[in-house]
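Accompanying notes for the structure given below.
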Amino acid sequence: MRQSRLFAPTLKESPADAEIASHKLLVRGGFMRRVASGIYDFLPLGVRVLRKIERIIREEMNREGAQEVMLPILQPRELWEESGRWSLYGEEMMRLKDRAGRDFGLGPTHEEVITALVRDNIKSYRDLPLNLYQIGAKFRDEVRPRFGLLRAREFVMKDAYSFDRDEKGMRDSYHSMYRAYSRIFDRCGVRWMAVEADTGLIGGDVSHEFMVLAAVGEDRIAHCENCGYAANVNLAGYRRESITGKARPLELVYTPGRRTVEEVSSFLEVEPRYLIKCLMYLVEGKPVAVLVPGDREAGEVKLERALGTPEFRLFNDADWECHPQFVRGFVGPVGLDGAEVLADLSLEGAQGMVCGSNREDHHLVGVEVGRDFKPTRYLDLALVRDGDPCPRCDSSLQVAAGIEVGQIFQLGLKYSQSMGCTYTDEKGQERPVFMGCYGIGVTRLMAAIVEQHHDDKGIRWPLEVAPAHVHIIPLNYEKEERRRAAEGIYRELLESGLEVLLDDREESAGVKFADADLYGIPFRLVLGKVFEESGELELQVRTSGERVIMSPQEAKNWIMEALTGV
RNA sequence: CGGGGUGUAGCGCAGUUUGGUCAGCGCGCAUGCUUUGGGAGCAUGAGGUCGGCGGUUCGAAUCCGCCCACCCCGACCA
């Protein structure tokens, strides 16, 4: 590539709408431009990086026996009616009509299309197992696109779907994808972690998310360095310690106007963890009281799993009005009528607690769980915090921020049953196919790589995903001999199979270096004063900042050496 | 969807409070000369329906109304 011809316009200043490093640097470095909120153009350098990432994905998917297909972005309503997701997916799916008024959706994911394809074309156990994947555009009408590629409305995703005869086959497929993902993220040069995850709208039972550790990540993950336990905080467990507050007799106390945990806590001079927070939820139209220690949050994903339905919400103003027996700010589990009571595990046997009394301006103190009231069930409902005890060992959990770059699911029969995807087994019995699905956010991964690999001057691409291997920077390019020398080195490196960018512009050294920093190509060969004197050039390593003077031949060998195995 | 904010040249911004030599600055771009190991200097120049529509006014970037786009916080979502 000759830089004078390369369409990769750089910017001195960050665009006003960018606030995180990957967004700023990908735009400043000429890798991409914004078209609309959450929608981007990819310029030649950006495309080169994307293709590198896609190549890694293809190689590792193919290695596990997956086969690439191409599925349509535009999908008919009927298919989504079959799975029931036409209504369930909601506003997040972009929808449109054709000229005849038929409904279509822009695919946010492809379970329906792939299940229909496989359903119509496999018949026998001999056709299984099967693993199909594709890499292409996906659309999700995010409520609030932000952070550049991290939360876009149109993005590139690799999605794969496995089809097996039974549960064991499905688990094997799942593990094979887990292995493929591990290699993919390793090769992309990111520090990542696989965590137990919720399955959300996709459905299924077992799921892992692959997280790239980064402060700007929108996910929180809890992990244990001792035993390796790791889970998304929205469902991470932690070992409960029994809670025993100050021993005192059960008593009604006057707490005028004290409704919140903070108010009651400071008024009664009792630490929040000795309060029982009683949250009123409306679950499928019925009131349910959810109890957690006063210093804890209830996790709604945990709650959804416990309730077995996504149809619930915290009481709103109208709900309080509809249920006047619940005294807002003073509800408590003791003597609570008309609501099921779900308590967090930590409350089992708790003593010396404070809770609402169901009477205006009064709380109860000296409450003992189990004696003064009995919850319907004890469940894991409270959210984990940094430093909580690991649920599997004695160590403590750490909570860190991460970017979700991939997620894998054991779907089971969810789609095959609703869509009739079956096969005939050896005995002639018709059976539903066990499915799994596996996604990687390719463009999001590109941004995640930048989040982990940059400095204040620009990107520092890991070797295997860099837009090129070597950046040749001849200074004083207007000099004929310099130009010829650079040209010679350029040709030679190209002939060695390297990907090379030659800065053949008559620009000042400062401009060339600044652009090179933004582009972030791993190895840089500078032809300057030293070259004039001794014919040697300077090899600069973008990541380490290392600079070594050597002959062109040595430089070539050095780089070839660094590239072995890539 | 609620709250807050911003739209002025390719990019980053000032000007709007108080309507009238306010169509401005920096970067970038073009041309010339000088520069060339970290975004160099001088000179000349091109480039803008001031987000859009409507209104008030002798006169609107500036005041009023509606709309659109974009950003932030929240809700939502994975």
Side-chain angles (χ1 to χ4, degrees), chain A residues 9-20 23-24 27-30 33-40 88-93 108-109 138-148 150-153 155 157 159 195 197-204 207-211 217-221 232-235 300-301 304 310 313-314 316 402-409 437 439-441 444 456-458 473-479 482-483 503 505-519 524-533 536-538 540 545 547 549:
Chain A
T10 56
L11 299 174
K12 276 190 179 177
E13 298 177 88
S14 291
D17 59 4
E19 53 175 341
I20 63 168
H23 189 185
K24 289 177 183 170
V27 173
R28 285 189 58 205
R33 286 291 185 269
R34 192 184 71 84
V35 175
S37 180
I39 301 173
Y40 294 88
L88 274 181
Y89 221 96
E91 303 269 271
E92 207 173 309
M93 180 155 65
T109 171
K138 292 276 187 291
F139 296 82
R140 289 187 192 169
D141 195 0
E142 293 285 349
V143 207
R144 191 174 152 207
R146 59 183 135 179
F147 300 142
L150 288 189
R151 187 158 290 259
R153 292 193 293 176
F155 54 97
M157 185 168 167
D159 48 326
V195 306
D198 182 42
T199 54
L201 264 184
I202 307 286
S207 178
H208 283 86
E209 286 166 333
F210 289 78
M211 298 286 190
E218 295 182 84
D219 284 273
R220 294 290 173 276
I221 57 195
N232 194 307
V233 291
N234 59 30
L235 52 69
E300 300 221 330
V301 168
E304 178 174 340
R313 62 150 189 268
L314 211 48
N316 60 28
I403 299 165
E404 180 199 330
V405 290
Q407 187 168 9
I408 57 179
F409 301 79
C437 78
I440 291 179
R444 183 184 273 189
D456 55 355
K457 293 196 174 75
I473 304 181
L475 304 176
N476 304 95
Y477 197 70
E478 69 290 343
K479 292 185 187 170
R482 186 65 50 82
R483 194 183 289 242
D503 191 348
R505 302 173 303 166
E506 292 184 19
E507 287 287 355
S508 72
V511 169
K512 291 191 169 200
F513 286 136
D515 283 344
D517 288 338
L518 282 167
Y519 290 163
R524 190 179 295 174
L525 298 178
V526 181
L527 283 69
K529 284 198 183 105
V530 180
F531 186 79
E532 184 109 12
E533 293 157 9
E536 289 177 307
L537 37 75
E538 181 174 283
Q540 299 183 357
R547 299 177 174 201
I549 305 291

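Reminder, nothing fancy here: chain letters follow the sequence lines and each chain counts from 1.
With both ends at atom P, the span from B/C63 to B/G7 equals 12 Å, rounded to whole Å. The P atoms of B/G51 and B/A23 are separated by 16 Å, rounded to the nearest whole Å. The separation of B/U35 from B/U62, taken at their C1' atoms, amounts to 44 Å, rounded to a whole angstrom. To the nearest whole angstrom, the two C1' atoms, one in B/G4 and one in B/A46, are 39 Å apart. Distance noted for atom C1' between B/U16 and B/C50: 11 Å (whole Å). Taking the P atoms as reference points, B/A14 lies 35 Å from B/C76, given to the whole Å. With P as the reference atom, B/U44 and B/C67 are 48 Å apart, rounded to whole Å. The gap from the P atom of B/C27 to that of B/U17 amounts to 29 Å, rounded to the nearest Å.
Across all strands, A/P15 comes closer than 4.0 Å only to sugar-phosphate atoms, never to a base (heavy-atom distances). Residue-level contact check: A/E538 touches the bases, meaning some heavy atom is under 4.0 Å from a base atom. Nucleic acid contact class of A/K479 (heavy atoms, under 4.0 Å, all strands): none. Within the nucleic acid shown, A/R33 has no heavy atom closer than 4.0 Å to any nucleic acid atom. Within 4.0 Å of A/Q540, counting heavy atoms only, lies at least one base atom of the nucleic acid. Across all strands shown, A/L518 has heavy atoms under 4.0 Å from base atoms, whether or not it also approaches the sugar-phosphate. Residue A/D198 is out of contact with every strand shown, counting any heavy-atom pair closer than 4.0 Å. Heavy atoms of A/D515 sit under 4.0 angstrom from at least one base atom.
The distance from the CG atom of A/L537 to the CG atom of A/L525 is 5.5 Å, given to the nearest 0.5 Å. Considering CD of A/E209 and CZ of A/F409, their distance stands at 7.5 Å, rounded to 0.5 Å. A distance of 4.5 Å separates CZ in A/F155 from CZ in A/R140, rounded to the nearest 0.5 Å. From A/K479, atom NZ reaches atom CD of A/E506 across 12.0 Å, with rounding to the nearest 0.5 Å. Once rounded to the nearest 0.5 Å, the distance linking CG of A/L518 with CZ of A/R28 reads 5.0 Å. One finds the NE2 atom of A/H23 at 9.5 Å from the OG atom of A/S14 (value rounded to the nearest 0.5 Å).
As the counterpart of B/G74, B/C1 is assigned, both hydrogen-bonding distances of the Watson-Crick or G-U wobble pattern falling under 3.5 Å. Pair assignment for B/G65: B/C53, on the basis of Watson-Crick or G-U wobble contacts that are both within less than 3.5 Å. Summarising the base pairing, B/G24 is matched to B/C13 through a Watson-Crick or G-U wobble pair whose two defining distances lie under 3.5 Å. For B/C29, the paired nucleotide is B/G45, the pair qualifying as Watson-Crick or G-U wobble because both relevant distances are below 3.5 Å. When both pairing distances are held under 3.5 Å, B/A60 makes no Watson-Crick or G-U pair with any nucleotide shown.
Comparing A/R547 and A/E218 against RNA chain B, the residue whose closest nucleotide sits nearer the 5' end is A/R547. Remark on RNA chain B: of its neighbouring residues A/E404 and A/A509, the 5'-side contact belongs to A/A509, judged by nearest-heavy-atom nucleotide.
With contacts defined as side-chain heavy-atom distances shorter than 4.5 Å, the pair A/V511/A/R505 qualifies. With a 4.5 Å cut-off on side-chain heavy atoms, A/R444 and A/F147 do not count as touching. With contacts defined as side-chain heavy-atom distances shorter than 4.5 Å, the pair A/N476/A/E532 does not qualify. Using a 4.5 Å heavy-atom threshold, the side chains of A/D159 and A/K138 count as touching.
A donor-acceptor contact under 3.5 Å is not formed by the side chain of A/R28 with the base of B/G12. Side-chain N/O atoms of A/R151 and base N/O atoms of B/C77 include a donor-acceptor pair closer than 3.5 Å.
Under a 4.0 Å N-O distance rule, the pair A/K24/A/D456 does not qualify as a salt bridge. Salt-bridge formation is not detected for the pair A/E538/A/K529: no Lys NZ or Arg NE/NH1/NH2 atom is positioned less than 4.0 Å from an Asp or Glu carboxylate oxygen.
Separating the CG atom of A/D517 from the C1' atom of B/G38 is a distance of 8 Å, rounded to the nearest angstrom. Between the C1' atom of B/G38 and the OH atom of A/Y519 lies a distance of 16 Å, rounded to the nearest Å. The nearest whole Å value for the distance from the CD atom in A/E304 to the C1' atom in B/C76 is 14 Å. Rounded to whole Å, atom P of B/U36 lies 9 Å from atom CD of A/E478. When the P atom of B/A75 is taken as reference, atom CZ of A/R313 falls 17 Å away, rounded to whole Å. Counting to the nearest Å, the C1' atom of B/C72 and the NE2 atom of A/H23 are 14 Å from each other. Put simply, CZ on A/R505 is 13 Å from C1' on B/G38, counting in whole angstrom units. The nearest whole Å value for the distance from the CD atom in A/E91 to the P atom in B/C77 is 12 Å.
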Look for any protein N or O under 3.5 Å of an N or O in nucleotides 26-33 of chain B and output each such pair with its distance, or none.
from: B/G26; atom 1: N2; to: A/E13; atom 2: OE2; distance (Å): 3.2
from: B/C27; atom 1: O3'; to: A/K12; atom 2: NZ; distance (Å): 3.1
from: B/G28; atom 1: OP1; to: A/K12; atom 2: NZ; distance (Å): 3.4

Hey, what are the protein-to-nucleotides 67-71 of chain B N/O distances that come in under 3.5 Å?
from: B/C70; atom 1: OP1; to: A/S37; atom 2: N; distance (Å): 3.0
from: B/C71; atom 1: OP1; to: A/S37; atom 2: OG; distance (Å): 3.4
from: B/C71; atom 1: OP2; to: A/S37; atom 2: OG; distance (Å): 2.9

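Side-chain proximity of A/K529 to B/U36, B/G37, B/C76: nearest is B/G37.
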